[in-house]
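First the structure, in the form of structure tokens, and then the observations on it.
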Number of protein chains: 2
Amino acid sequence: MSALDSIDAAMLRILQQNGRISNAELAERVGLSPSACSRRLDILEKSGVISGYHAHLSQKALDYRMIAIVHISLSGQFAKTLAEFEAAVKLCPNVLVCYLMSGEYDYILRVAAKDLADYERIHRDWLSALPHVVKINSSFALREIIDRPNVGV
Amino acid sequence: MSALDSIDAAMLRILQQNGRISNAELAERVGLSPSACSRRLDILEKSGVISGYHAHLSQKALDYRMIAIVHISLSGQFAKTLAEFEAAVKLCPNVLVCYLMSGEYDYILRVAAKDLADYERIHRDWLSALPHVVKINSSFALREIIDRPNVGV
DNA sequence: CCGTCTTCGCAAGGACATTGCGCGGGACTT
DNA sequence: AAGTCCCGCGCAATGTCCTTGCGAAGACGG
């Protein structure tokens, strides 16, 4: 996998903001012929630099309307403890985001649920079953103020 | 704007997972002719149900590598106080996500920065300038475990 | 029972994506 | 410095796809 040059970077910047742009227009905006652009795009996709394309829906169209922010502390910071926790949390499909954090808690999770009953199920079946957890703190999003896919978009 | 039927819902579900699928294949997977599918997609986009399409990049390709989670408390919960804060926070391009929350803090923000110096600038120029703030608590993501665009993807 | 409205499928024309091919410029060797 | 290799480009062609106009079928209400 070779390094990204400035044309690749321009392509990525455009595709972050408009993932459904046609190859022809993308080529024009980065100053390439459509064929060269198509070949570069193919490389970016196959090498994994672009991991996918996704439609961004307005909140009223979403099935999963409820967002919970979950702070979790583990019983230790040993590599094995972290690895076991992370392997388990990856299996829960409702966890959209999970970061290992600095600060008071070890992990922060963003969990999507359809409603409160659905969240109760997720909490019971998934979150409570995560290994090495000593503290779980759930907060709910009352309202979404901003949800941008990328910086400055 | 009419309600979404089951075909619209199927289209949205597919487009959430593959935003660059061709109209022809999308039509086939929801059981419509390409022309009918194209017209429905046009309506979904123009009515705002689909707010955009975005390429999802692997973290190594991103300019903005550093993620900060910022908890903020305001001096009150009056509608005017919240509205003024929200109007101000929307102006900062580095704030990717902002929720009004239940729990200890009033707002939680996900902020993207290029590096620590960039974050220091954002904190100084934007976050510190937000109105009615009485407490700011920044934590940094040490490692990304999960970053899914949608449930179960 | 008829008019209207909506949404479908079909067909055509124009745009688009992709692949093979040949060229040119840079790097490296002799 | 000349030769060679190799990577990436543009061009061209072909097959596919997207879109729009058109007519028909069904739902609904007067």
Side-chain angles (χ1 to χ4, degrees), chain A residues 1-65 148-150 152-153, chain B residues 1-65 148-150 152-153:
Chain A
M1 184 190 315
S2 56
L4 305 179
D5 63 14
S6 65
I7 295 181
D8 290 314
M11 289 174 61
L12 295 175
R13 211 176 315 120
I14 292 169
L15 286 165
Q16 274 191 328
Q17 298 178 26
N18 180 4
R20 225 176 148 79
I21 188 174
S22 74
N23 179 69
E25 189 185 339
L26 180 62
E28 193 192 345
R29 286 180 56 182
V30 302
L32 281 182
S33 71
S35 61
C37 185
S38 173
R39 276 183 284 247
R40 276 175 181 263
L41 185 53
D42 197 52
I43 292 171
L44 290 173
E45 289 170 355
K46 294 206 170 124
S47 69
V49 173
I50 296 176
S51 63
Y53 301 91
H54 305 281
H56 195 220
L57 306 189
S58 73
Q59 209 170 13
K60 63 177 178 288
L62 290 173
D63 266 356
Y64 291 85
R65 290 189 163 78
R148 292 191 179 98
N150 303 114
V153 178
Chain B
M1 184 190 312
S2 58
L4 304 179
D5 64 15
S6 67
I7 296 181
D8 290 315
M11 290 174 62
L12 294 176
R13 211 177 313 120
I14 293 169
L15 287 164
Q16 274 191 326
Q17 297 178 28
N18 180 3
R20 228 177 145 79
I21 189 175
S22 74
N23 178 69
E25 190 186 339
L26 180 62
E28 192 191 347
R29 287 180 57 183
V30 301
L32 280 182
S33 71
S35 59
C37 185
S38 173
R39 277 182 284 245
R40 275 173 180 265
L41 184 54
D42 196 51
I43 292 171
L44 290 173
E45 289 170 352
K46 295 208 170 125
S47 70
V49 173
I50 297 176
S51 64
Y53 301 91
H54 306 280
H56 197 218
L57 306 187
S58 75
Q59 210 170 15
K60 63 178 179 289
L62 290 174
D63 267 355
Y64 291 84
R65 290 190 163 78
R148 292 191 178 99
N150 302 114
V153 178

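Because only heavy atoms are used, hydrogens play no part in the values below, and waters and symmetry mates are left out as well, while side chains stay in.
The CD-P distance, from A:Glu45 to C:dA17, rounds to 12 Å in whole Å. The separation between B:Asp5 atom CG and D:dG26 atom C1' is 15 Å, rounded to whole Å. Going from atom CG of B:Leu41 over to atom C1' of D:dC18 covers 11 Å, rounded to whole Å. Computed from coordinates, the A:Leu26 CG to C:dC16 C1' distance equals 13 Å when rounded to whole Å. Separating the CG atom of A:Asp8 from the P atom of D:dC7 is a distance of 16 Å, rounded to the nearest angstrom. For the pair A:Ile21 CD1 and C:dC16 C1', the interatomic distance rounds to 13 Å; values are reported in whole Å. Protein atom CD of A:Glu25 is 10 Å distant from nucleotide atom P of C:dA17, rounded to whole Å. Atom CG of A:Asn23 and atom P of D:dT16 are 18 Å apart (whole Å).
Taking only distance into account, the side chain of B:Ser35 meets the base of C:dC10 through a donor-acceptor pair shorter than 3.5 Å.
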Open item on the list: Please evaluate residues A:Ile43 and A:Asp8 with respect to the criterion side-chain contact (heavy atoms from CB on, under 4.5 Å), reporting the C-alpha separation (whole Å), side-chain torsions for both, the decisive distance (0.1 Å), and the verdict.
Closed with: CA-CA 10 Å; A:Ile43 292 171; A:Asp8 290 314; over 6 Å; no

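Taking 4.5 Å as the limit, every side-chain heavy atom of B:Tyr64 sits out of range of all side-chain heavy atoms of A:Asn150. Two residues are said to be in side-chain contact when any heavy atoms from C-beta on lie closer than 4.5 Å; B:Arg40 and B:Leu26 fail this criterion.
Of the side-chain N and O atoms in B:Arg40, one or more sit less than 4.0 angstrom from OP1 or OP2 of C:dC8. Here A:Ser38 reaches the OP1 or OP2 of C:dT18: one of its side-chain N or O atoms lies under 4.0 Å away.
Residues B:Asp42 and A:Ser33 both approach DNA chain D. Their nearest nucleotides, taken by heavy-atom distance, put A:Ser33 toward the 5′ side. Of the residues near DNA chain C, B:Arg39 and A:Arg39, the one whose nearest nucleotide (by heavy atom distance) lies more toward the 5' end is B:Arg39. Place A:Arg20 and A:Gly31 on DNA chain D by their nearest nucleotides, and A:Gly31 ends up nearer the 5' end.
Among the protein residues, A:Ser22 comes within range of the sugar-phosphate backbone only, with heavy atoms under 4.0 Å from sugar or phosphate atoms but none that close to a base.
Not a single donor-acceptor pair under 3.5 Å links the side chain of A:Arg20 to the backbone N or O of B:Gly52.
Atom CZ in A:Arg65 sits 7.0 Å away from atom CG in A:Asp63 (nearest 0.5 Å).
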